[in-house]
Asker: 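The structure is given below, and queries will be raised subsequently.
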Amino acid sequence: MTTVRCRFAPAPSGSLHVGNVRSALFSWLWARHHGGAFVLRVEDTDASRVTDEAIRGGVEDLRWLGLDWDEGPEVGGPYAPYRQSERADIYRAATEDLLASGDAYRCYCTEEELRARNESATARGEAPGYDGTCRDLTDGERAAHEAAGRAPTVRFLMPDQTWVVDDLVKGEVRWAAGELRDFVIVRADGSPLFLLAVAVDDLRMGITHVVRGDDLLSAAPRNIAVIEALGGTPPVYAHVPQVVGPDRKPLSKRHGSTSVEHFREQGYLPEAMVNYLALLGWSPGDDREVLTRDELVAAFDLARVSSNPAAFDTEKLTWLNNHLIQGLEDDDLAARCVHFLAEAGLGVDPVLLRQAMPLVKERMKTLREVVDLLAFLFSDDVTPNERATALIAKAPEGYLKAAADALDVLGTWDAAHIGEQLDALATSAGLNRTKGWQPVRAAVTGSNVSPPLPESLELLGRERTVARIRACA
RNA sequence: GUCCCCAUCGUCUAGUGGCCUAGGACGCCGCCCUUUCAAGGCGGAAGCACGGGUUCGAACCCCGUUGGGGGCACCA
């Protein structure tokens, strides 16, 4: 029995976007479901556009989401290194093997020549793609090219046969002989290309299942060809459909912020992201929508992944976020809120914060919203906003002063008694509860919207409450 | 152009020939609850892209059309 080994191999480009993360999640879920290993590998063969910063971003995102890896950056592993830019020797050796066995050849065509031939092929109504010019060069021709100073690329000789990929998600996908052309695996400067590196790494790292976006579906037969030429057995592929935006176009920069980092900063829970993303293109088969990480791992099955592209819906993510926030223990929730409060410049009293959780948890769509909800508790700068000002202005003459006086001498300072007192005040002024309480809410919180009033005042304390009401009276 | 992938409510999906007068969730609408805002409860509107087959019977099978998307790079 072979152990399942899955991998996630992002091209580092800063914080991962939610589409990439979903591929990573599916790969991770499959590995964990089978008790196998999850490998993280950095695909930075195109070194020109990679920065350490970008790599760190992706690593942080995965850690935050709780998609832990058994092998890869920061943790090492038996197949290290896990950065393609550090595996040059391995690719060089593979290239030598391929060249020696005749599965690859040196190609002297220049980019201009290739482009020109592609254009004329297209003009003739023929399919573009490499025409095999350098496939069977004689030694003399090769020598002539070398003498002319042409630096060759290495091109993989794609066997002229039907290719079949038995994909876990897409089913059996086939390409007729001749459709897949020879492709470059090593640049003229000697650096390896993606199509060489993935195949070599998946083979050498013992990957059994490749879960990735279906934009790579057509790369699969080429990956398989290289692996087989190297004498290996290809992994099983599972190409999951793209995540698209509301406009049904693949997720990209123009959809605004779709990075994991963005959602983290907005105060989305990693649990919500994981739960939501898992449901994007997959379902457990029953009506469950809210699942814990363990439940996801237990229920996940690549065969149940939908084969059509899914649109990312922030509304549902947000609902799930609020739903999960409501289920959090108060201590846990409070701890997660601290960062946002601090970021907003509010000095946080941990005890008070903890006590305030029951008042705000069903009101928070994101953790960030705790700032607006509880600012009145952690700052005495409660300049009433426009609507609050209007409410205060509308209060009957002397109403707020009476409220301050009454609360100042209230026997027991707790929500129940405060509520009774507020009601008594409203009644004596001939106001209903809504009309009677709003001016007080406005004076104390500076807003027309706040957590439940009596409970809020209890937490605020008599002194601060009375002072604020007097200031507005 | 060519090859490949895809097609159930606005969105995510259940559905693998009769259990479907198509189920759930988000969103939306209405009502209830209610100190604001939420949350919650109840109810509602909303869908099998189109056309041909196959079959006693098609959301489910086949073909075509249309519409999306991806590949055909010395990107990944």
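Atoms considered below: every heavy atom in the structure, side chains included; atoms not considered: hydrogens, waters and symmetry mates.
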Asker: May I ask you to say what T122(A) touches in the nucleic acid, namely base, sugar-phosphate or nothing, with a heavy-atom cut-off under 4.0 Å?
Answerer: nothing

Asker: Answer yes or no: side-chain N or O of Q242(A) and base N or O of G69(B) forming a donor-acceptor pair under 3.5 Å.
Answerer: no

Asker: A39(B), C74(B), C37(B): which one has an atom nearest the side-chain heavy atoms of E362(A)?
Answerer: A39(B)

Asker: Using 0.5 Å steps for rounding, measure from the OH atom of Y237(A) to the CG atom of D202(A).
Answerer: 5.5 Å

Asker: Could you check whether E141(A) and Y108(A), counting side-chain N and O atoms only, form a donor-acceptor pair closer than 3.5 Å?
Answerer: no

Asker: Nearest whole Å is fine: how far is G71(B) P from E179(A) CD?
Answerer: 16 Å

Asker: On RNA chain B, compare the nucleotides closest to C107(A) and D215(A); which residue's is nearer the 5' end?
Answerer: D215(A)

Asker: Using heavy-atom distances to pick each residue's nearest nucleotide on RNA chain B, tell me which of S306(A) and R174(A) is more 5'.
Answerer: R174(A)

Asker: Determine the Euclidean distance between corresponding C1' atoms of A76(B) and G71(B); express it in Å to zero decimal places.
Answerer: 12 Å

Asker: Ignoring backbone atoms, test whether S283(A) places a side-chain nitrogen or oxygen under 4.0 Å from the OP1 or OP2 oxygen of A14(B).
Answerer: yes

Asker: Heavy atoms under 4.0 Å, any strand shown: does R387(A) hit a base, just sugar-phosphate, or nothing?
Answerer: nothing

Asker: From C26(B), A76(B), G71(B), pick the nucleotide closest to the side chain of R222(A)?
Answerer: G71(B)

Asker: To the nearest Å, give me how far apart CG (N308(A)) and C1' (G47(B)) are.
Answerer: 14 Å

Asker: Which residue is it: V382(A), L407(A), L457(A)? I am looking for the one with a side chain to side chain contact (heavy atoms under 4.5 Å, CB included) to V444(A).
Answerer: L457(A)

Asker: Rounded to whole angstroms, how far apart are CZ on R248(A) and P on A49(B)?
Answerer: 13 Å

Asker: Please check the phosphate of C37(B) (OP1 and OP2 only) for any side-chain N or O of K365(A) closer than 4.0 Å.
Answerer: no

Asker: Whole angstrom is fine here: how far is it from CZ in F312(A) over to P in G27(B)?
Answerer: 15 Å

Asker: Classify G419(A) by what it touches in the nucleic acid, base, sugar-phosphate, or nothing, heavy-atom distance under 4.0 Å.
Answerer: nothing

Asker: With respect to the phosphate group of A76(B), does any side-chain polar atom (N or O) of R187(A) fall under 4.0 Å of OP1 or OP2?
Answerer: yes

Asker: For side-chain contact (heavy atoms from CB on, under 4.5 Å), just list the numbers for S191(A) and Y91(A), CA-CA rounded to whole Å, side-chain angles, deciding distance to a tenth of an Å, and then say yes or no.
Answerer: CA-CA 9 Å; S191(A) 59; Y91(A) 306 131; over 6 Å; no

Asker: Please tell me if the side chains of H239(A) and V211(A) come closer than 4.5 Å, counting only heavy atoms from C-beta onward.
Answerer: no

Asker: Is there, by distance only and without an angle test, a donor paired with an acceptor across the side chain of R363(A) and the base of C37(B) below 3.5 Å?
Answerer: yes

Asker: By the 4.0 Å heavy-atom rule, please label E455(A) as base, sugar-phosphate, or nothing.
Answerer: base

Asker: Between atom CG in L180(A) and atom C1' in A73(B), what is the gap in whole Å?
Answerer: 14 Å

